[in-house]
Enquirer: 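Could you have a look at this structure, given as structure tokens, before my questions?
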Amino acid sequence: MAPILKGEVDIVIPTIRSLDFLENRRPFFEPYHLIIIQDGDPTKVIKVPEGFDYDHYNRNDINRIFGPKANCISFKDGACRCFGFLVAKDPSGRDMDTVAQHLENLTKPSTPYFFNTLYDPYREGADFVPGYPFSFREGVPTAVSHGLWLNIPDYDAPTQVVTPLERNKRYVDSVMTIPKGTLYPMCAMNLAFNRELVGPAMYFVIMGDGQPIGRYDDMWAGWCSKVVCDHLGYGVKTGMPYLWHSKASNPFVNLRKEFKGLIWQEEMIPFFQSVTLLKECTNDQQCYLELAKQVKEKLVYFEMSFRSSVLFVLTKQLEMSQNFS
């Protein structure tokens, strides 16, 4: 089968190490253009197997291109991948072609207004079930394809600590549309999106080095992009494709990065659940600017919230230590 949309797709890979894994995935990645964002030390040599079409950027490139505004791209954090989004070009035991599955998701409609119990009705072997309104069967454009993972789950730090040996062995052969008005925790490890439909909303908020919160960059982009998709009438799909996740991050390092965010998210999510955008916002850029305006107006208390969250977490840690003693 010929690659889908060959020459029209960019694959963004943030990394701190050489990309030897590409050799094993050559048939799936070689037809497409790679954008490699090297995080951390820009003097470190990152090796890429021969034969791939790619552009390689490091922190020096980000500083050169952005100048005094380079701090809008996170440093020492996976959120650096949003620089790759910015420079991207326009125009069962078996190996899965994850790129092809993402493209299949993006090129077929979504059904956010009425849930189909056979999940994605546009996949081979599925269709609309009885009672599904015919007026909704045309579907809407799909803006985001959110894939999942096998083996090491993508958990937050507290869950990692209490389930260190847990592994996800369930492979579910399904894709579903996330209903309108429903948020979800987006993970950027296995993600594709249509840049023309929802590009600006995929900005990964500044995290990492020098920032008070880490590991929430992709979730921020997920909340923002879902609000924008709901407003503009686009769909978000989740499920296949799966990736094999084999490197577990250190849960105690993760806890240090995200512990403020554990409280922060409980205040953020109600905001995104209730926010509405002006009807005059008719494209992704206008929507994101309006969303940014409301964030600035309604979430100014977060500096205080960060301080209170530190006290809360320290109190909980003290309570837990007393319970175990």
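Sequential numbering from 1 along the given sequence is applied to the chain's residues. Please read these numbers as outputs of a predicted model, since none were measured by experiment.
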Enquirer: Specify whether Tyr216 and Trp223 have parallel, tilted or perpendicular ring planes, treating 30° as the upper limit for parallel and 60° as the lower limit for perpendicular.
Expert: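 Because their plane-to-plane angle lies in the 30° to 60° range, the rings of Tyr216 and Trp223 count as tilted.
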Enquirer: Output yes when a side-chain donor or acceptor of Gln38 lies under 3.5 Å from a complementary backbone atom of Pro14, and no otherwise.
Expert: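 No, the answer is negative, given that no donor and acceptor are paired below the 3.5 Å cut-off.
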Enquirer: Has Glu280 got more than 12 heavy atoms of other residues, nucleotides or ligands less than 6.0 Å from its CD?
Expert: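 Above 12, so yes.
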Enquirer: Counting only heavy atoms not in Phe272, do more than 12 sit closer than 6.0 Å to its CZ atom?
Expert: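 It does: Phe272 CZ has more than 12 such atoms within range.
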Enquirer: With a distance cut-off below 6.0 Å to the six-membered ring centre and an angular limit of 45° from the axis, does Arg137 pair with Phe134 as a cation-pi contact?
Expert: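 Yes, Arg137 sits over the ring of Phe134.
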Enquirer: Taking the hydrophobic residues Ile, Leu, Val, Met, Phe, Trp and Tyr, and joining any pair whose side-chain heavy atoms are under 4.5 Å apart, which ones share a cluster with Tyr122?
Expert: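 The other cluster members (ILVMFWY side chains, heavy atoms under 4.5 Å, direct or chained) are Tyr113, Phe114, Phe128, Tyr132, Phe136, Val140.
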Enquirer: Within the side chain of Thr15, is there an N or O that forms a donor-acceptor pair under 3.5 Å with the backbone of Arg17?
Expert: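 Checked: pair present.
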Enquirer: Can you tell me how far apart CD1 (Ile206) and CG (Asn71) are? Round to the nearest 0.5 Å.
Expert: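 Output value for this atom pair is 5.5 Å.
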Enquirer: Can any side-chain N or O of Asn58 pair as donor or acceptor with the backbone N or O of Asp61 at less than 3.5 Å?
Expert: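 Between the backbone of Asp61 and the side chain of Asn58 there is a qualifying donor-acceptor contact (under 3.5 Å).
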Enquirer: Crowded around Lys76 NZ? As in, over 12 foreign heavy atoms under 6.0 Å?
Expert: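 No, because the 6.0 Å sphere around NZ of Lys76 holds 12 heavy atoms or fewer from other groups.
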Enquirer: Between Lys237 and Asp120, does any NZ, NE, NH1 or NH2 come within less than 4.0 Å of an OD or OE carboxylate oxygen?
Expert: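 A salt bridge links Asp120 with Lys237.
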Enquirer: Determine whether the side chains of Tyr155 and Glu166 contain a donor N or O and an acceptor N or O closer than 3.5 Å.
Expert: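 Glu166 and Tyr155 do have a side-chain donor-acceptor pair below 3.5 Å.
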Enquirer: Taking the side chain as everything from C-beta on, heavy atoms only, tell me whether Trp244 gets closer than 4.5 Å to Trp149.
Expert: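 No, side chains not in contact.
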Enquirer: If you look only at pairs with a residue in residues 56-79, which of them pass as a ring pair (Phe, Tyr, Trp, His ring centres under 6.0 Å), with sequence neighbours excluded?
Expert: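 Passing the test, one end in residues 56-79: Tyr57-Phe83, Phe66-Phe83.
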Enquirer: Do the side chains of Val236 and Ser110 get nearer than 4.5 Å, heavy atoms only?
Expert: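 They are not in side-chain contact.
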Enquirer: With no hydrogens and no angle check, is any side-chain donor or acceptor of Asp217 less than 3.5 Å from a backbone partner on Met207?
Expert: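 No, Asp217 side chain to Met207 backbone: no donor-acceptor pair under 3.5 Å.
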Enquirer: Strictly by modelled atom types, are Asp53 and His33 linked by a side-chain donor-acceptor pair under 3.5 Å?
Expert: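 Their side chains do contain a donor-acceptor pair, which is all the 3.5 Å distance test asks for.
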Enquirer: Using 0.5 Å steps for rounding, measure from the NZ atom of Lys169 to the CG atom of Leu150.
Expert: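 With rounding to 0.5 Å, NZ (Lys169) is 11.5 Å from CG (Leu150).
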Enquirer: Between Ser18 and Asp20, is there a side-chain donor-acceptor contact under 3.5 Å, judged purely by atom types and distance?
Expert: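 No donor-acceptor contact under 3.5 Å links the two side chains.
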Enquirer: Checking side chain to side chain contact (heavy atoms under 4.5 Å, CB included) between Thr107 and each of Leu5, Thr142, Asn194, which is the one that passes?
Expert: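 Of the listed residues Leu5, Thr142, Asn194, the side chain to side chain contact (heavy atoms under 4.5 Å, CB included) partner of Thr107 is Leu5.
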Enquirer: Could you tell me whether Phe85 and Phe204 have their ring centroids closer than 6.0 angstrom?
Expert: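 Close enough - the centres of the two rings lie under 6.0 Å apart.
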Enquirer: Short question: side chain of Arg26, backbone of Glu23 - any donor-acceptor pair under 3.5 Å?
Expert: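 Pair absent, no side-chain N/O of Arg26 close to backbone of Glu23.
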Enquirer: Side chains of Ser249 and Asn254: do they bring a donor and an acceptor to under 3.5 Å?
Expert: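 Checked: Ser249/Asn254 side chains pair up, N/O donor to acceptor below 3.5 Å.
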Enquirer: Step by step, work out the side chain to side chain donor-acceptor pair (under 3.5 Å) result for Asn105 and His146.
Expert: CA-CA 9 Å; Asn105 292 347; His146 178 254; over 6 Å; no
Enquirer: Quick check: do Met186 and Met202 have side-chain heavy atoms less than 4.5 Å from each other?
Expert: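 Side-chain contact under 4.5 Å: yes.
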Enquirer: Is the closest side-chain heavy-atom distance between Ile11 and Ile35 below 4.5 Å?
Expert: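 They are not in contact (no side-chain heavy atoms under 4.5 Å apart), so the answer is no.
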Enquirer: Between Gln294 and Glu290, do the side chains contain a donor N or O and an acceptor N or O under 3.5 Å apart?
Expert: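 Gln294 and Glu290 do have a side-chain donor-acceptor pair below 3.5 Å.
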Enquirer: When you compare the side chain of Leu197 with that of Pro141, does any pair of heavy atoms fall below 4.5 Å?
Expert: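 In contact.
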Enquirer: Could you check whether any side-chain heavy atom of Leu277 comes within less than 4.5 Å of a side-chain heavy atom of Leu291, counting everything from C-beta outward?
Expert: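 Side-chain contact under 4.5 Å: yes.
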Enquirer: Ignoring hydrogens and geometry, is there a side-chain-to-backbone donor-acceptor pair from Ser274 to Pro270 under 3.5 Å?
Expert: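 Here the side-chain-to-backbone pair exists.
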Enquirer: To the nearest 0.5 Å, tell me how far Arg25 CZ sits from Glu30 CD.
Expert: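 Spacing of CZ (Arg25) from CD (Glu30) equals 13.5 Å.
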Enquirer: Decide salt bridge (charged side-chain N to carboxylate O under 4.0 Å, His left out) for Asp173 and Arg123; before the verdict, give the C-alpha distance in whole Å, the side-chain angles of both, and the deciding distance to 0.1 Å.
Expert: CA-CA 11 Å; Asp173 185 7; Arg123 292 190 67 202; 3.0 Å; yes
Enquirer: Are any of the side-chain heavy atoms of Ile13 and Ile37 separated by less than 4.5 Å?
Expert: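 No. Closest side-chain heavy atoms not under 4.5 Å.
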Enquirer: Quick check against the 3.5 Å criterion: does Asp39 have a side-chain atom that pairs as donor or acceptor with the backbone of Gly78?
Expert: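 The answer is no, because no donor-acceptor pair under 3.5 Å joins these two groups.
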